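First comes the structure, then the notes that go with it.
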Amino acid sequence: MSAALAKYAEAFAAAEAAPGSPAWLAELRKAAHAEFNSIGFPTTRNENWHYTSVTPIAERTFRPLKGAQSSAAIGGLIERAVGDASWARAVFLNGQFEPSHSSLASLGRGVRVSTLTAALAEQPDFVSAHLGKLAAWNAQAFTAFNTAFVQDGLVVRVARGVKAEMPLHVLHLVDKQAAGCMIHPRLLVVLEPSAELTVVESYISERGVEYFTNGVGEATLGDGARFYHCKVQRESREAFHVGTLQATQGRDSLFHSFSYASGGALSRTNTYTRLAGQGAEVRLNGLYLIDGAQHADHQTIVEHIAPGCASRELYKGILDGESHGVFNGKVYVEPEAQQTDGKQTNHALLLSPTARVDTKPQLEIFADDVKCTHGATVGRLDDIALFYLKSRGMGADHARAVLTYAFAAEVLETVELDELRDGLEKIAFERFTRA
Amino acid sequence: MLKIENLHATAGGKEILKGVSLTVNAGEVHAIMGPNGSGKSTLAQVIAGHPGFEVTQGSIVYDGENLLDLQPEERAQHGVFLAFQYPVEIPGVTNAYFLRSAYNEIRKARGEQQVDPMEFLDVMEQKLKLVDMDPDMLHRSVNAGFSGGEKKRNEILQMAVLEPKLAILDETDSGLDIDALRVVAGGVNALKKPTNATIVVTHYQRLLNYIVPDKVHVLAHGKIVKSGGKELALELEARGYDWVLEAA
Ligand SMILES: Nc1ncnc2c1ncn2[C@@H]1O[C@H](COP(=O)(O)OP(=O)(O)OP(=O)(O)O)[C@@H](O)[C@H]1O
Ligand SMILES: [Mg+2]
């Protein structure tokens with residue numbers, strides 16, 4: 001075990017000694033901890049982390065957070081989240097559930113939402129049947145890290161044929177108390193056949209706080225289920241963030257994922273899905289807006305296992321300063337997955353000569369009757385379009401801002417939730433026109 | 001209003017304009033005709049300030065100012081407008097936002113009050129009628145997916161909104177059906193004032209039946225090789241350019 005990992009042994013022993021976890025969970029944590037120790041933090045020699053060095057995370061020692069209090073900052077943090085106050089809401093502050101700011105009753109009949117802690121007490125069999133069953137805690141260091149240290153999180157179950165009456169907004173808020181700490185939130189979503197749910201996860205923190213969020217989500221989509229997931233990561237510029245969502249999709253199910261990332265010193269968003277039932281469809285979209293020395297990495301893995309499935313991916317990045325963006329999209333098409341229709345697109349806009357982007361599409365196709373394409377561009381603002389706007393009287397800065405925003409708008413348009421889309425459009429617009 | 005003298009311009013190391021001189025007074029309509037590739041669009045774009053061309057010699061004075069010293073946006077704010085031969089598609093920016101921003105920038109430059117989105121809709125109502133355009137077009141991205149004719153109409157809509165002093169229409173008639181041609185020409189004529197001037201670049205005499213020019217010029221090989229009255233357009237239509245080029 002390397003020194004980078006040994007420093008977490010004590011924290012793990014303390015967590016292990018804490019009462020309350022059922023035996024199976026203690027076993028799972030222990031196994032995950034052993035995996036974490038044996039895998040270790042990935043290096044850039046690992047092809048999945050080739051363009052992203054996690055040294056800044058590995059060289060720090062983040063503490064588990066204990067005894068944090070609810071704080072006055074919470075109201076301001078909630079206000080900064082994009083969304084609608086009428087949605088069902090689960091608020092976590094520094095990883096701890098805040099019942100007084102949450103309202104989970106309104107999702108309707110057939111939708112069961114509870115914190116992981118509560119679910120372990122109330123529906124232990126359900127949790128043990130699903131927790132750790134999709135996410136690869138035995139292969140991915142950060143997923144193992146989360147599984148070993150998992151604190152709280154959310155468990156959502158939607159019954160067969162039920163459409164949740166409104167979106168569920170999960171707010172992961174962080175204030176100064178979490179400086180130097182690590183937070184390992186967990187999300188478990190199980191949609192029975194033909195169920196439908198929208199989840200928005202917002203990650204927001206107070207300015208200047210350095211901490212590490214390492215989230216893991218698992219989503220099971222039954223046949224014909226629909227899952228809309230949006231993750232909005234707007235953490236402090238000192239924060240470190242790794243988030244992994246692993247889905248598995250039944251026949252004719254639909255999974256839409258959107259990732260918005262503008263925060264963090266270093267962030268990595270993994271969105272993985274397995275198209276396991278015939279006719280399933282997935283759409284993975286994302287937008288990252290970074291500047292200064294920020295680093296934002298998105299990885300997608302789409303496994304086409306069943307025939308006749310479709311995957312669509314559109315990721316865009318706008319990079320200023322000396323920021324570095326990474327996109328790695330893997331598509332596997334298994335021999336059984338005939339009539340696969342896959343399309344992956346990745347565009348980056350560089351606003352400064354020192355910003356950098358690395359794109360790596362990876363298609364591995366083992367079936368013959370498939371249509372899979374990928375396209376990537378890295379560019380600057382189009383001089384002719386700039387001239388067109390200026391020739392109508394717009395000043396150079398305004399014209400640049402408008403075109404930059406327009407670049408982002410194409411992918412923001414794909415957000416289905418009106419309030420979220422409008423809110424993100426507003427943030428993006430103001431970001432570029434504030435100059 | 002506009003005085004161009006001995007204008008030379010290059011692009012990509014190639015000289016395209018080789019000494020153009022042209023004077024346009026307030027209240028006048030000038031037509032520029034000429035073979036493909038002769039430099040008509042280049043001239044229009046140099047007047048508007050296109051960054052892809054370098055002026056190597058000569059001058060353009062507009063309203064007593066050296067136009068070449070001004071940025072493209074300043075030229076627009078001073079009342080210069082170019083209807084592009086190939087209007088640019090800008091996905092992600094709605095026509096409404098684009099038009100209102102342009103309108104407000106130009107009002108600001110004239111020291112006038114800015115308008116909010118609601119007030120702007122009132123302004124638009126009448127302008128849309130002028131070019132017979134569906135108000136739904138306002139909510140679509142600028143020119144994105146527009147048909148050729150719709151793009152041209154959109155250029156004239158912009159002109160109607162911005163009310164320029166000097167309008168240059170670069171082949172606005174190309175790609176328009178006969179009805180659209182009449183509508184667009186009607187729009188241009190409706191905007192005409194004794195204090196304004198218009199330069200129309202066209203290949204077809206037909207347009208000049210609707211927008212009647214005071215002068216017609218032939219641009220060939222980067223120079224104006226012949227100028228005349230509106231009857232020159234008819235003669236060109238009948239005889240082609242060879243006789244002019246030979247005489248030049
Ligand atoms: N950026 C450029 N680099 C090199 N050559 C150019 C450039 N732009 C224009 N040209 C050339 O300059 C010449 C004049 O082009 P221009 O577009 O002005 O012609 P035009 O008279 O408008 O033709 P048309 O009637 O076909 O519209 C052409 O030969 C064209 O290929
Ligand atoms: Mg031309």
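Note that the structure is a prediction, hence the values are computed from the model and not measured. Any value given below was found using the heavy atoms of this structure, including those in side chains, with hydrogens, waters and symmetry copies removed. Sequence lines set the chain letters: A, B, ... in the order given, protein chains first and strands last, and positions in each chain run from 1.
In this structure, I90(B) and L389(A) have side chains that are in contact, with non-hydrogen atoms separated by less than 4.5 Å. With contacts defined as side-chain heavy-atom distances shorter than 4.5 Å, the pair F387(A)/V88(B) does not qualify.
Note on E89(B), R75(B), Q77(B), Q158(B): by heavy-atom pairs under 4.5 Å with chain A, the leading option is Q158(B). Contact count against chain B (heavy-atom pairs under 4.5 Å) is highest for V402(A) among V402(A), L386(A), D383(A). Note on S391(A), A385(A), A399(A), A409(A): by heavy-atom pairs under 4.5 Å with chain B, the leading option is S391(A). The most heavy-atom pairs under 4.5 Å with chain A, out of P87(B), G52(B), P72(B), come from P72(B).
Here OH of Y86(B) is found 13.5 Å from CD1 of I384(A). Values are rounded to the nearest 0.5 Å.
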Item checked: Test log, rule side chain to side chain contact (heavy atoms under 4.5 Å, CB included), inputs V93(B) and Y405(A) -> CA-CA 8 Å; V93(B) 179; Y405(A) 169 74; 5.7 Å; no
Notebook entry, point to check: Given the rule in the side chain to side chain contact (heavy atoms under 4.5 Å, CB included) test, do R392(A) and Y103(B) qualify, once you have shown the distances and angles that lead to the verdict?
Noted result: CA-CA 8 Å; R392(A) 300 314 186 230; Y103(B) 185 67; over 6 Å; no
Note to self: Set out, in order, the CA-CA distance, both residues' side-chain angles and the distance that settles side chain to side chain contact (heavy atoms under 4.5 Å, CB included) for Y388(A) and F98(B), then state yes or no.
What the structure shows: CA-CA 11 Å; Y388(A) 191 59; F98(B) 171 58; 3.9 Å; yes
Next item on the list: Let me see the working for E105(B) and M394(A) under side chain to side chain contact (heavy atoms under 4.5 Å, CB included), right down to the final yes or no.
Entry: CA-CA 6 Å; E105(B) 296 259 16; M394(A) 266 189 221; 3.8 Å; yes
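Applying the 6.0 Å contact sphere to CZ of R100(B) captures more than 12 heavy atoms from other residues, nucleotides or ligands. Other residues, nucleotides and ligands place no more than 12 heavy atoms under 6.0 Å from the CD atom of E322(A). Environment of NZ in K163(A): sparse, with no more than 12 heavy atoms of neighbouring residues, nucleotides or ligands closer than 6.0 Å. At most 12 heavy atoms of other shown residues, nucleotides or ligands fall within 6.0 angstrom of atom NZ in K343(A).
Not a single donor-acceptor pair under 3.5 Å links the side chain of E410(A) to the backbone N or O of G92(B).
For A396(A), the parts lying under 4.5 angstrom from a heavy atom of chain B are both the backbone and the side chain. With a threshold of 4.5 angstrom between heavy atoms, V161(B) does not approach chain A through any atom at all. For A144(B), no part lies under 4.5 angstrom from a heavy atom of chain A. Neither the backbone nor the side chain of L412(A) comes within contact range of chain B, judged by heavy atoms closer than 4.5 Å. Residue contact with chain A, scored on non-hydrogen atoms closer than 4.5 Å, involves the side chain of Y97(B) exclusively.
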